[in-house]
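Here, residue 1 is the first one in the sequence, and each next residue gets the next number.
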Amino acid sequence: MTTENDINPEAVAQPRIVLRAIMLIGIALSLFQLWAAGVQPLGLFFQRPIHLGFVLVLCFLIFPVFGPGRPRGPLGWAIDGPLILCGIAAGAWVPLNIDTIANQIFPRQIDVWMGVLTIFVVLEGARRAVGLGMTIIGAVFLAYAFAGNRGELPFLADWMPGILNHRGYSLDRVASQMTLGAEGIFGIPLGVAATFVFIFVLFGAFLEATGAGKFFIDLAYAATGRQRGGPAKAAVIASAGMGSISGSAIANVVTTGAFTIPLMKKLGYRPAQAGGIEAAASTGGQIMPPLMGAGAFLMSEFTRMPYVDIVLISIFPAVLYFGIVYLLVHIAAVKQGMTGLPSAELPRTRAVLAEGWHFLLPLVALIALLVAGYSPMRVGFYAILSIMAAAAARALWSFAARGPTMSGFVALCRTGIRLTLDALELGARNAVAVSMACAVAGIIVGVVGLTGLGLKFSAMMIAFSGGNLLLALLLVVIASLILGMGLPVTAAYIVLIILVGPALTEEFGIPLLIAHLVVFWYSQDSNVTPPVALAGFAGAAIAGSKPMETSVQAWKYAKGLYLIPLFMVFNEEIILGGPVLLVLWSGLIAILGLVAFAAVLEAFLFRPLQLWMRVLLLPGIVALFWPSLTVEIAGAALVVALLALNFAQSRRDPDGGVAAV
């Protein structure tokens, strides 16, 4: 199954001319996006369709009709050739006819058929780039729009429960809803993918092309390699650094895991454990500011909150997540009696910073511009310029230090041009899957808006949960897990927030931003939760372990993914703000609760925990999450007393456990 940024176009032996076409179109798409981001912003009915046209052409070139590993042949080209032309037509139709479309009351018949064509190529492109699950879900929603007594498929109305029934819509109405307005394919999801997401994916591609990935990994090893379980801790830190840029758990696993997993195995971690740790840490990259994958940009659009505000309030929850993974890794290392790596095998922090300090400048510039109030799209544009300038300055400095020559300068220029073109192409390739997912998500959004499905789904959710908030959140977790089996994280978040968002905010009273954060966090669980744990499977492939066993380990280390959203719901002030003392108290008990949970899970903190201590810690942890200050204080007192007792036992009897954390 293919997911966001998890693209391997070379899996197919593509002819040279096809590879050249992919390169040229990818570079053209990236240049178009840079021009629209920093030079001449475009209206939504120009930016989004043109972006979609480019992406469709790339999609049909990169992913052959019969699947990866199979050559196209004459039959394949007979199918893909017309589809490429249809992709161009789908991208060009609205911009070329915008005046006519904007001034007509009823759509022309040719507009309807172009809408049908656009829907078809979007579903087929999603099948190839994202997976069959996304296409099936999009098709089911379209069938739902046609169901009903006045729709094109009235017989389907007999199969739907009464609460889901609706009047049904004609082909003309559905096609125009999907392609002639801003509530379907060209709606918010594709708009975000065509602006903010693409420009930051391109930024990540420039960092990758210039060697930033190795810099972050080396820096993590230099900082933690000498500690117990050093490679595992380096995996956590490197995944936080890389994930904040890539925004893709699977891309994060294969990037950092190629270095960290073999070293974890060498140190003594079991293969499944090593793969699971990397998967859990990499999943956190998608919730780590400043980029947070595509979800944060979508959240900004849906909630109408500035992107920088979402980034700022997400810092503490992300730190909590990585903190709990780090603690679990440390406990596992201490329990197994591991030591760190020898100094001779580790890079030195000073040497790493001396070699790659310029990679920090674009991140500093990115954060500074966000805080200064620039739009995310313009920030991404300047961040790309800054990484190009930093890399060029560094290369020129090294060139001057070696002794400049004309031949050396020509070689340097060639290398710079090649890396720039590689980054432009890589950014476009990496954006194909997320853009196709967002285009199909637009179909879902359009159908929900047309039929009122969101309110109906909310009523069903309330009925199933009986008005109990905890049960409602459990339903969200189950729904996100099921959706995650067939959808990438971004698409799962969009579908979930459309369907359950109204119930969480209007019926259960959860503030809008917290509802979005909860759904966004829970939509990550398909990366680490069996039976379909995509990041866990990627970690298993590198570790050489069983996929299901590795997924169980990833699920174990990623428990913060389930607990921290609960804390957001029952302690709103930690996200929305409030009296300083209350915010500090909430932050303190969040840390305390997660530490206690890790101790219960591993039966160990400063030394092994007796069974009675673990049993008593459980009600204390529940009390820390309870929305009552009195109950929280009682829970905190119980947890602190038990953990202090465990610490005292470790001091009195060092041989009975291991040295303090």
Side-chain angles (χ1 to χ4, degrees), residues 1-3 6-30 32 48-97 109-140 142-143 152 171 174-175 178-179 184-186 190 425 428-440 442-443 486:
M1 183 178 297
T2 307
T3 59
D6 182 28
I7 303 172
N8 183 18
E10 311 308 336
V12 182
Q14 301 270 28
R16 183 180 295 272
I17 189 171
V18 175
L19 294 176
R20 188 63 56 87
I22 291 171
M23 180 188 72
L24 293 175
I25 295 169
I27 292 170
L29 171 57
S30 293
F32 164 73
R48 299 175 189 181
I50 293 172
H51 173 86
L52 180 63
F54 270 116
V55 167
L56 285 169
V57 173
L58 275 178
C59 180
F60 294 130
L61 285 173
I62 292 172
F63 303 100
V65 62
F66 299 122
R70 299 181 182 180
R72 277 190 177 91
L75 178 60
W77 279 113
I79 297 172
D80 285 351
L83 284 175
I84 290 170
L85 295 177
C86 289
I88 296 172
W93 184 256
V94 172
L96 292 177
N97 294 274
Q109 202 60 34
I110 190 170
D111 293 328
V112 172
W113 288 113
M114 282 303 302
V116 172
L117 179 69
T118 302
I119 293 169
F120 171 75
V121 293
V122 163
L123 291 175
E124 171 60 11
R127 182 190 69 82
R128 301 187 189 193
V130 185
L132 184 61
M134 190 76 193
T135 298
I136 290 174
I137 291 175
V140 167
L142 284 171
E152 301 286 349
L171 180 64
V174 173
M178 294 300 117
T179 59
I185 290 174
F186 301 129
L190 184 63
E425 180 190 359
R429 284 177 181 266
N430 287 348
V432 168
V434 68
S435 291
M436 293 311 308
C438 286
V440 179
I443 293 176

Value rounded to 0.5 Å, distance of CG in Leu85 from CG in Leu56: 12.0 Å
Atom pair CD1 (Ile443) and OG1 (Thr179), whose distance is rounded to the nearest 0.5 Å: 10.0 Å
Distance (rounded to the nearest 0.5 Å) between Leu29 CG and Leu24 CG: 12.5 Å
Non-hydrogen side-chain atoms of Val65 and Trp77 separated by less than 4.5 Å: no
Exercise: identify the closest heavy-atom pair between Ala28 and Phe54: CB-CE2, 4.0 Å
Note, Leu117 side chain near Trp93 side chain (heavy atom, < 4.5 Å): no
Side chains of Leu52 and Val122 in contact at under 4.5 Å (non-hydrogen atoms): yes
Distance in Å, Leu58 CG paired with Arg429 CZ, rounded so as to fall on 0.5 Å steps: 8.5 Å
Between CD1 on residue Ile25 and CG on residue Leu61, distance to nearest 0.5 Å: 5.0 Å
pair Ile62-Val18: side-chain heavy atoms closer than 4.5 Å: no
Side chain proximity check, Val94 to Met114, heavy atoms < 4.5 angstrom: no
Any Leu123 side-chain heavy atom under 4.5 Å of Leu142 side chain: yes
side-chain contact (heavy atoms from CB on, under 4.5 Å) between Ser435 and His51, worked out: CA-CA 9 Å; Ser435 291; His51 173 86; 2.9 Å; yes
Where Phe60 and Val121 come nearest, the two heavy atoms and their spacing: CZ-O, 3.7 Å
Approximate separation, where rounding is to 0.5 Å, of Asp111 CG and Gln109 CD: 9.5 Å
Any donor-acceptor pair under 3.5 Å from Arg48 side chain to Phe186 backbone: yes
More than 12 heavy atoms of other groups within 6.0 Å of Trp113 CH2: no
Any Asp80 side-chain heavy atom under 4.5 Å of Arg128 side chain: yes
Heavy-atom pair with the smallest gap, counting every atom of Ala433 and Ala129: CB-O, 3.8 Å
For Ala437 against Met134, the heavy-atom pair lying closest together: O-CE, 3.3 Å
Any Met436 side-chain heavy atom under 4.5 Å of Val55 side chain: yes
Residues Ile137, Val440; criterion side-chain contact (heavy atoms from CB on, under 4.5 Å); working and verdict: CA-CA 9 Å; Ile137 291 175; Val440 179; over 6 Å; no
